[in-house]
Protein chains: 2
Amino acid sequence: MDELPRAGWPNEETAPPGVAERLARDIQAGRFQPGSWLKQIELQRRYGANRSEIRKALEHLASKRLIQYLPNRGYFVHREDDAVAAEIRDIRIMLETSAAEFMARNAAEHHVVELETLAKRFAALLDAGTMVEIYEVNLAFHRALLATTGNHSLVELVSELRLRTSPAPASQWSTRRRMEQSAREHFEIVEALRARDVARLHVIIERHISQPETEEADKGR
Amino acid sequence: MDELPRAGWPNEETAPPGVAERLARDIQAGRFQPGSWLKQIELQRRYGANRSEIRKALEHLASKRLIQYLPNRGYFVHREDDAVAAEIRDIRIMLETSAAEFMARNAAEHHVVELETLAKRFAALLDAGTMVEIYEVNLAFHRALLATTGNHSLVELVSELRLRTSPAPASQWSTRRRMEQSAREHFEIVEALRARDVARLHVIIERHISQPETEEADKGR
DNA sequence: GCGTGCATTATTGGCACCAATTTTGACGCC
DNA sequence: GGCGTCAAAATTGGTGCCAATAATGCACGC
């Protein structure tokens, strides 16, 4: 009498990547043009999945706003909208700066150490790494930073918001100068966190988020 | 050669309510017990829809975290988790207090008037209205308040967050005293907004969100 | 009386096929 | 050459059926 359903995988991270995740990565990596149709038969072949799985994955990504749906037409890759992108950037700033208070309160020392490691790795990759590597470490840093709040829902929420904006060719960051600036700010954040300086955290994080990804938004306004 | 897909309904609000929306409302209203299985055949009958529609709606709500999915078992109504509920409450506080700045900057006079109307209606319903009506007007007030920021994505995001927590029987608010307190705070918010007093807005909104829905969280910790 | 194993039942999941809709391409007309 | 019309092709959407899997109930043995 199993009337008490329990979630299957205790740790979502360790679950095998499904079709939705793979498709999401492909879209994010720009392997599908924004605005192009996602034909179910093609996806079926590409991912070696059946129709049901494909439809489920498509609906999943549609409700995450990664793709859009039109009845009797199908699903197509979401088109970047400058206005919406700006809105989401604002939301991220609201969330991550407000989170500063929780970070300072809840961050343990091992969190700070991990962040420092990631900040160092990011800085090191500026010379040696590819754009994709840099992008991923930056992602990991922000994820880890938010994780210090202890609010897991917050981490996930921001990750989802990122999916909605991150421009397809992740390779095109800003200029070299900006990347170096970002690297410096990462260390500043770690320091401020270690010092439990909420106000300073607030300021740095706001500057940090506004900067790196504003070029498109600035151009568009 | 329509290679330029455009969204169909310009205004999402005016689109006819699909199965997902109806099911979401039914879950929110508590017509399905938390943890109970959502059998596709039953939903098919209930909503007069076919299997594909049902599956789409289920997957949609699952990715919104309103329900959960287990392979080969099906979908079941999401179980309220006090810890997660507290996390989401924190997120809402972060968002709505940070939004104060944008409200003060972007709110037009007609926004303030609309808010005042809603605040009055809320207060009036305390005596004359049903719990559901009060709940709905409160929802409308918060929605309208966020809408003054001009950030439509923010409005939607918070609405989705609400779906994830709002206790099934919306009828059970706190005590009468708290409802009166909420009504007072609504007017305070309107005043602070009219005065463009960001700091005061911040304080009132934080108190306002923390209060009304903490009873379950407080009980659980 | 209680647990175990087995058959039955219920439900999801996948498949093939057909219908409905849309897009594409071609043809003819102005 | 451009435009509208119409047929053909491609794609999504719906249905019924069967397999796979999980829950249920029952009989049996201890």
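Labels below follow one simple rule: chain letters A, B, ... track the order of the sequence lines, proteins then strands, and each chain is numbered from 1.
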Determine all donor-acceptor pairs shorter than 3.5 Å in which one atom belongs to a side chain in residues 103-110 of chain B; sequence neighbours excluded.
unit_1   : atom_1 : unit_2   : atom_2 : d
B:Arg105 : NH2    : B:Glu101 : OE2    : 3.2
B:Asn106 : ND2    : B:Thr149 : O      : 2.8
B:Glu109 : OE2    : B:Arg194 : NH2    : 3.3

Using atom [atom1] of [X] as one end and atom [atom2] of [N] as the other, report the distance to the nearest whole Å.
{"X": "A:Arg55", "N": "C:dC15", "atom1": "CZ", "atom2": "P", "answer": "12 Å"}
{"X": "B:Glu42", "N": "C:dT12", "atom1": "CD", "atom2": "C1'", "answer": "15 Å"}
{"X": "B:Tyr75", "N": "C:dG13", "atom1": "OH", "atom2": "C1'", "answer": "11 Å"}
{"X": "A:Phe76", "N": "D:dT12", "atom1": "CZ", "atom2": "C1'", "answer": "15 Å"}
{"X": "A:Lys56", "N": "D:dG13", "atom1": "NZ", "atom2": "P", "answer": "17 Å"}
{"X": "B:Trp37", "N": "D:dA22", "atom1": "CH2", "atom2": "P", "answer": "11 Å"}

Kindly say if [X] contacts the phosphate of [N], meaning a side-chain N or O under 4.0 Å from OP1 or OP2.
{"X": "B:Ser52", "N": "D:dG14", "answer": "yes"}
{"X": "B:Asn50", "N": "D:dT15", "answer": "yes"}
{"X": "B:Tyr69", "N": "C:dG13", "answer": "yes"}

Using 4.0 Å as the upper bound for N to carboxylate O, is an ion pair formed by A:Arg25 and A:Glu136?
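Result for this pair is yes, salt bridge flagged.
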Partners passing salt bridge (charged side-chain N to carboxylate O under 4.0 Å, His left out) against A:Lys64 (at least two apart in sequence or in another chain):
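Counting only residues at least two positions away or on another chain, A:Lys64 forms a salt bridge (charged side-chain N to carboxylate O under 4.0 Å, His left out) with A:Glu160.
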Between N or O atoms, less than 3.5 Å apart, protein on one side and nucleotides 8-11 of chain D on the other: list the pairs.
unit_1 : atom_1 : unit_2  : atom_2 : d
D:dT11 : OP1    : A:Lys39 : NZ     : 3.4

Do [X] and [Y] get their side chains close enough for a donor-acceptor pair, meaning under 3.5 Å?
{"X": "A:Glu59", "Y": "A:Tyr75", "result": "yes"}
{"X": "B:Ser159", "Y": "B:Arg143", "result": "yes"}
{"X": "A:Glu185", "Y": "A:Gln181", "result": "yes"}

